[in-house]
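Some notes on the structure that comes next.
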Amino acid sequence: MNELFPIFLKVSQLNVLLVGAGLVGFEKLSFMLKSSPHAHVTVVSKEISDPVKELAQHAKNVTLIVDDYDEKYLGGKHIVIAATNFPEINKQIHHEAKERYLLVNVADTPQYCDFYLGGIVTKGNLKIAISTNGKSPTTAKRLRQLLEEVLPEEINDLLDNLNAYRDTLKGDFEYKVKAMNDITEILVEKGKVI
Ligand SMILES: C[C@@]1(CC(=O)O)c2cc3[nH]c(cc4nc(cc5[nH]c(cc(n2)[C@H]1CCC(=O)O)[C@@](C)(CC(=O)O)[C@@H]5CCC(=O)O)C(CC(=O)O)=C4CCC(=O)O)c(CCC(=O)O)c3CC(=O)O
Ligand SMILES: NC(=O)C1=CN([C@@H]2O[C@H](COP(=O)(O)OP(=O)(O)OC[C@H]3O[C@@H](n4cnc5c(N)ncnc54)[C@H](O)[C@@H]3O)[C@@H](O)[C@H]2O)C=CC1
């Protein structure tokens, strides 16, 4: 059963805590910044790897703190990602985050995740998030690469043009809905490719 409910977060308006700045911490941070360069992220880690330092240098809203995890770091955060190499610390982070009703992801432990990070394809205003319900992250990665390759950059022009067309429409909401549906019908006609 796949009951995941996707949402698109404005992480430049939210405070993210990432605990652990090793290999996995780097992967999670780099994909977050690739998609959301202005994400507000506080990284707390006993040691901070060079690739994470390098990433942080080029990101405006990433703060690095060299320290052991402490629950005080949960203060003022909306979202927490635990990526230390100590399962018991990750479990503690999960527990203390849940006590505060925060959304938490423990990178190596799906059962301790309120949400999963997904593969992300961005083409201008179009963003597609891919999940395999935690079953095969590698497949999420491959599909991301495939869609990045096959979706043309021009797909953003389509969105811009439709947005401009919508702005020209005069009439009530119902009329606009019909006009937008009529003009986009061709996109889903059988055998047609946009
Ligand atoms: C549940 C989830 C929780 C979460 O992290 O949010 C999770 C969990 C785990 N990942 C593991 C391993 C790997 N993860 C990747 C890659 C990605 N993993 C991502 C997401 C997720 N990973 C969430 C589910 C997403 C979904 O629903 O599909 C992606 C999509 C997004 C991102 O990381 O930002 C990103 C690709 C981004 C891109 O390229 O676009 C690769 C591939 C590679 O690196 O080449 C490997 C190595 C191959 C392998 O082992 O499969 C392991 C085993 C650890 C172990 O055995 O030690 C677990 C734990 C477990 O499955 O039990
Ligand atoms: N390497 C991989 O491909 C994957 C690993 N995992 C799991 O994710 C976890 C992390 O793996 P890696 O990033 O490879 O480990 P790592 O050893 O590269 O990084 C762990 C980081 O956590 C920090 N840390 C340790 N204790 C801490 C504490 N008390 N407070 C704050 N920071 C602390 C370390 O300083 C280090 O920066 C492991 O449990 C691993 O099993 C999950 C998915 C894939």
Side-chain angles (χ1 to χ4, degrees), residues 1-12 14 16-57 59 62-75 77-98 102-123 126-151:
M1 183 80 166
N2 184 349
E3 295 206 52
L4 294 172
F5 181 70
I7 59 172
F8 292 85
L9 296 169
K10 296 187 178 181
V11 278
S12 60
L14 298 168
V16 180
L17 175 68
L18 170 65
V19 188
L23 285 170
V24 172
F26 170 76
E27 287 286 317
K28 301 294 164 191
L29 184 63
S30 61
F31 281 117
M32 188 174 292
L33 292 174
K34 180 182 171 195
S35 187
S36 311
H38 296 102
H40 270 268
V41 187
T42 303
V43 181
V44 174
S45 191
K46 204 193 277 274
E47 284 169 54
I48 300 198
S49 67
D50 287 341
V52 170
K53 284 185 196 155
E54 170 82 2
L55 261 185
Q57 252 170 23
V62 175
T63 308
L64 301 182
I65 299 175
V66 181
D67 197 1
D68 280 2
Y69 165 76
D70 184 280
E71 66 176 314
K72 73 181 178 198
Y73 291 116
L74 297 174
K77 304 300 186 300
H78 300 98
I79 294 172
V80 183
I81 300 172
T84 82
N85 48 334
F86 291 97
E88 64 279 17
I89 299 284
N90 291 340
K91 207 170 158 180
Q92 180 194 345
I93 296 167
H94 174 264
H95 179 71
E96 291 172 353
K98 294 303 283 179
L102 300 176
L103 296 181
V104 58
N105 170 294
V106 179
D108 63 336
T109 320
Q111 67 268 33
Y112 288 132
C113 290
D114 288 330
F115 63 93
Y116 298 149
L117 300 167
I120 305 168
V121 184
T122 306
K123 296 277 170 177
L126 179 70
K127 184 154 308 211
I128 302 173
I130 304 162
S131 160
T132 64
N133 205 12
K135 297 299 179 221
S136 175
T138 308
T139 303
K141 174 178 97 172
R142 293 304 187 197
L143 279 172
R144 186 261 299 165
Q145 291 171 332
L146 177 77
L147 290 174
E148 276 181 342
E149 189 72 27
V150 301
L151 285 172

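Scope of the values below: all heavy atoms of this structure, side chains included, with no hydrogens, waters or symmetry mates. Counting starts at 1 for both ligands and their atoms, in listed order. Numbers here are sequence positions counted from 1. Nothing here was measured: the structure is a model prediction, and the numbers come from that model.
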Residue pair [X] / [Y], side-chain heavy-atom distance below 4.5 Å:
X	Y	result
Lys72	Asp67	yes
Leu18	Val52	no
Thr122	Ser35	yes
Ile93	Val106	no

For [atom], what's the nearest protein heavy-atom neighbour? Residue, atom name and distance, please.
atom	result
atom 42 (C) of ligand 2	Asp108 CB, 3.4 Å
atom 16 (P) of ligand 2	Gly22 CA, 4.0 Å
atom 30 (N) of ligand 2	Tyr69 N, 2.8 Å
atom 27 (C) of ligand 2	Lys46 CE, 3.8 Å
atom 25 (C) of ligand 2	Asn85 OD1, 3.1 Å

So which of Glu96, His95, His94 actually passes side-chain hydrogen bond (donor to acceptor under 3.5 Å, both in side chains) with Gln92?
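So the option named by the test is Glu96.
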
Looking only at heavy atoms, which two atoms of Gly25 and Ala83 are closest? And how far apart?
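Closest pair (atom of Gly25, atom of Ala83, distance): N-CB, 4.0 Å.
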
Under 4.0 Å from ligand 1 - residues by heavy atom, chain and number:
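If the criterion is a heavy atom under 4.0 Å, then ligand 1 touches Lys28, Phe31, Asn105, Ala107, Asp108, Pro110, Tyr116, Leu117, Gly118, Gly119, Ser131, Thr132, Asn133, Gly134, Pro137, Thr138, Ala140, Lys141, Arg144.
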
Applying the side chain to side chain contact (heavy atoms under 4.5 Å, CB included) criterion to Leu14, which one of His40, Lys77, His78 satisfies it?
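Single side chain to side chain contact (heavy atoms under 4.5 Å, CB included) partner of Leu14 among His40, Lys77, His78: His78.
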
Are any non-hydrogen protein atoms located under 4.0 Å from atom 11 (O) of ligand 2?
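True for atom 11 (O) of ligand 2.
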
Do ligand 2 and Glu47 have nitrogen or oxygen atoms that lie under 3.5 Å from each other?
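Yes: some nitrogen or oxygen of Glu47 is under 3.5 Å from one in ligand 2.
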
Is a side-chain N or O of Asn105 found less than 3.5 angstrom from the main chain of Cys113, in a donor-acceptor match?
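No; judged by distance alone, with no hydrogens or angles, the pair does not exist.
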
Determine whether any heavy atom of Ser49 lies closer than 4.0 Å to an atom of ligand 2.
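Not so, Ser49 does not reach ligand 2.
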
Give a yes/no verdict on whether any heavy atom in Ser45 is under 4.0 Å from an atom of ligand 2.
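True for this residue.
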
Which option wins on minimum heavy-atom distance to atom 44 (C) of ligand 2: Asp67, Val24, Ile89, Leu23?
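Considering heavy atoms of Asp67, Val24, Ile89, Leu23, the nearest to atom 44 (C) of ligand 2 sits in Val24.
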
Among Thr84, Val52, Val19, which residue places a heavy atom closest to atom 38 (C) of ligand 2?
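Heavy atom nearest to atom 38 (C) of ligand 2 belongs to Thr84.
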
Can you establish whether the number of heavy atoms outside Glu149 located under 6.0 Å from its atom CD is more than 12?
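12 or below, so no.
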
